[in-house]
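Atoms within a ligand are numbered from 1 in the order they appear, just like the ligands themselves. Nothing here was measured: the structure is a model prediction, and the numbers come from that model.
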Amino acid sequence: MASRNGNKKGFYDEAMERFHGAADLIGMNPRVRMELEEPDFEHIFYVTIETRDRLVPLTAEEQVKAGKLAPSDVKAAGALEPLANGQFILHRRALLEADITTRDRVINIPGKGLFRFQRGGPKKFKAYRIQHNQVRGPYKGGIRYHKDASLDLFKTLAADMTWKTAIAEIPFGGAKGGIRIDPFNYSREEIEHLTLRYVYKFKKFMGPFIDIPAPDVGTNGEIMAYMMRQFTDGEREHHMLRGVVTGKDVRIGGSEGRVKATGQGVVYCIEEWARERGFALKGARVIIQGFGNVGSNAAEILSALGAKIVAVNDADGTVHKDGGLDVAALVHHVHGDPANLRRTVAGFPGGTAISKDDFWGVDADLCIPAALGEEITGPVAERLKVKLVAEAANGPTTREGDRVLAARKIEVIPDIICNAGGVTVSYYEWLQNQRLEHWTESEVNRRLEQAIKKNYAIIRDIAQNRPQKTSTWDSRPFCVGKETDVRTAAMILALKRIEAHYLLEGFSQ
Ligand code: NAD
């Protein structure tokens with residue numbers, strides 16, 4: 001089967017099968033279907049940067065070959081910037097006043113080990129921005145820096161954004177993009193330069209009313225600040241352009257509540273699911289995959305509601321504690337400790353290390369995948385011992401995984417509603433930027449809760465074929481006369497809202 005993580009072809013086509021299934025159910029206009037089945041634009045370009053010199057640790061074999069080497073006295077050792085891959089960026093000031101000995105470009109730094117000097121130089125990276133659809137508003141979607149980024153992946157994620165912005169009822173379209181890079185292997189300065197080059201090349205296709213990036217895997221508010229600076233630099237009315245990116249720091253035009261928003265939206269969905277079933281979140285057992293922005297915030301919010309986070313898995317390890325992990329301590333271990341360069345849960349002293357395989361089999365009520373796509377495969381779905389999978393990540397469940405979950409009666413809250421909190425608060429940030437306003441966190445959360453719960457209810461009504469008008473929502477225009485699975489129901493809601501634009505506005509010829 002094709003892979004969402006980009007190592008095989010054809011994933012986009014597979015992901016679009018759900019689109020076509022829902023389009024058939026609503027009898028979608030054929031011209032509208034054609035407009036939506038491929039992206040408006042696929043931008044593929046290259047960015048180059050000048051990389052810094054590095055110190056690369058010798059392998060065990062190389063160390064034997066290097067033999068004895070006098071230690072070098074590097075006084076400004078703090079100027080050696082550690083990277084998560086074990087290398088050090090060699091800032092030139094590190095060698096000021098140093099008393100060094102080298103042989104065959106090898107240096108012995110006390111307390112750090114034997115390294116080989118590696119010259120930096122120009123390096124080229126493949127960059128993407130897929131603009132899927134803009135009929136409902138400017139293109140909107142995250143920027144991902146990841147080693148497996150690919151055209152197929154970004155096409156899929158860009159289309160997901162078109163559906164998600166329609167479900168969230170915000171006036172944006174869908175886009176996604178980023179750079180094929182492993183950010184752990186580069187310094188902050190190199191990432192900054194790469195980001196500036198990305199915007200330098202893409203500037204003519206971006207703007208607060210054209211295409212609005214946001215953080216995704218491997219990027220954050222700092223990177224959004226670089227993007228905003230590069231985009232607005234030298235512009236006459238640069239304050240009016242702050243809405244060119246969202247997910248910024250609150251001190252430079254970001255919104256209160258944006259950092260937490262995706263995790264918060266996930267929890268609002270889970271609360272609705274629990275309320276309908278009379279299920280108590282207090283004491284509920286939760287397993288979470290991914291402890292980055294989304295996973296860690298969902299964990300904090302859920303644990304404040306009394307849930308127990310019993311296991312967390314990430315790219316570098318898994319921790320488990322049957323009585324519930326101390327979430328604040330885990331957040332500190334991952335995000336508050338500068339020595340934890342890979343920002344991983346591995347090594348957390350407040351839990352036991354278990355294998356990824358065992359993680360999926362931990363006895364729990366809720367499973368929150370908040371890492372990458374395609375993690376809940378058929379065999380993983382067979383192992384899960386939970387009642388609900390709340391898809392915080394984009395595309396975490398494979399087709400086969402879906403079939404197994406359905407057969408095992410494990411419920412799913414699909415990604416396009418479950419993680420829509422991020423883009424919803426991005427819209428609030430954009431609105432605040434346009435109005436030069438600053439809202440409180442409680443104002444942001446009040447609006448977010450209303451928006452998520454209302455659209456969650458409409459999707460539930462579509463799935464159960466229960467058209468109704470209440471004081472807060474009206475699902476009558478969206479129900480299709482028969483029950484559907486909840487993923488198809490979410491897609492129906494998106495497609496009906498998008499189709500209305502084409503049908504009411506018509507096509508320019
Ligand atoms: P992040 O970069 O902050 O964190 C990613 C996490 O996933 C890390 O803990 C990492 O270790 C883990 N991970 C990576 N590869 C893994 C693997 N092979 N196995 C297990 N864990 C792995 O990213 P994020 O912003 O938290 O995004 C997480 C997911 O949520 C992504 O699918 C993203 O598209 C989706 N999402 C994010 C937002 C947002 O606002 N940030 C909004 C909507 C959806």
Side-chain angles (χ1 to χ4, degrees), residues 3-7 84 140-149 153-154 156-158 160-161 163-165 167-168 174 176-178 182-184 213-224 245-248 254-255 257-266 269 287-299 311-319 330-331 333-335 340-346 348 355-357 359-360 368-377 380 390-397 414-427 429 448 452:
S3 162
R4 185 171 279 253
N5 293 338
N7 42 20
K140 182 86 191 87
I143 295 285
R144 181 176 289 200
Y145 289 175
H146 195 267
K147 59 185 170 41
D148 294 328
L153 171 77
F154 284 134
T156 309
L157 294 172
D160 282 347
M161 288 306 299
W163 322 139
K164 200 179 299 181
T165 49
I167 286 174
K176 204 85 173 191
D182 186 347
F184 284 135
D216 190 68
V217 175
T219 61
N220 53 26
E222 199 172 298
I223 288 172
M224 294 306 112
V245 288
T246 59
K248 304 178 290 282
S255 177
R258 172 62 185 89
V259 173
K260 282 182 8 194
T262 306
Q264 182 67 73
V266 170
C269 287
I287 60 171
I288 302 183
Q289 183 190 42
F291 209 68
N293 171 299
V294 181
S296 64
N297 280 297
V312 178
N313 162 260
D314 70 16
D316 296 287
T318 309
V319 287
L330 186 59
V331 168
H333 172 80
V334 176
H335 297 289
N340 187 351
L341 291 170
R342 293 189 70 85
R343 292 188 285 282
T344 172
V345 298
F348 178 59
S355 71
K356 183 167 180 176
D357 198 38
F359 164 78
W360 295 118
I368 305 181
L372 301 183
E374 304 245 287
E375 285 288 320
I376 303 187
T377 57
V380 166
E391 293 186 334
N394 282 308
T397 311
D415 51 2
I416 49 178
I417 173 75
C418 194
N419 67 29
V423 76
T424 304
V425 177
S426 276
Y427 167 56
E429 176 176 336
L448 176 65
I452 294 279

Taking the six-membered ring of Phe184, is the NZ or CZ of Arg342 close enough (under 6.0 Å from the centre) and on axis enough (within 45°)? yes
Suppose we screen for ring-ring contact (aromatic ring centres under 6.0 Å, His included). Which residues come up paired with Trp360, at least two apart in sequence or across chains? none
Name of the residue among Glu222, Arg258, Lys248 meeting side chain to side chain contact (heavy atoms under 4.5 Å, CB included) with Pro215: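 Of Glu222, Arg258, Lys248, side chain to side chain contact (heavy atoms under 4.5 Å, CB included) with Pro215 is met by Arg258 alone.
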Does His335 reach the main-chain N or O of Asn293 with its side chain, forming a donor-acceptor pair under 3.5 Å?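 Such a contact is absent between His335 side chain and Asn293 backbone.
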Strictly distance-based, threshold 3.5 Å: is any side-chain N or O of Asn220 a donor or acceptor partner for the main-chain N or O of Ile223?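 It does hold such a pair.
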Can a donor-acceptor pair be found between the side chains of Thr219 and Arg144 at a distance below 3.5 Å?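 No, no side-chain donor-acceptor pair sits under 3.5 Å.
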Taking only heavy atoms of the protein into account, state which residues are under 4.0 angstrom from an atom of ligand 1, in chain and number order.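 Lining ligand 1 at under 4.0 Å, by heavy atoms, one finds Arg144, Asp216, Val217, Gly218, Arg258, Thr262, Gln289, Gly290, Phe291, Gly292, Asn293, Val294, Asn313, Asp314, Ala315, Lys356, Ala370, Ala371, Leu372, Glu375, Ala392, Ala393, Asn394, Asn419.
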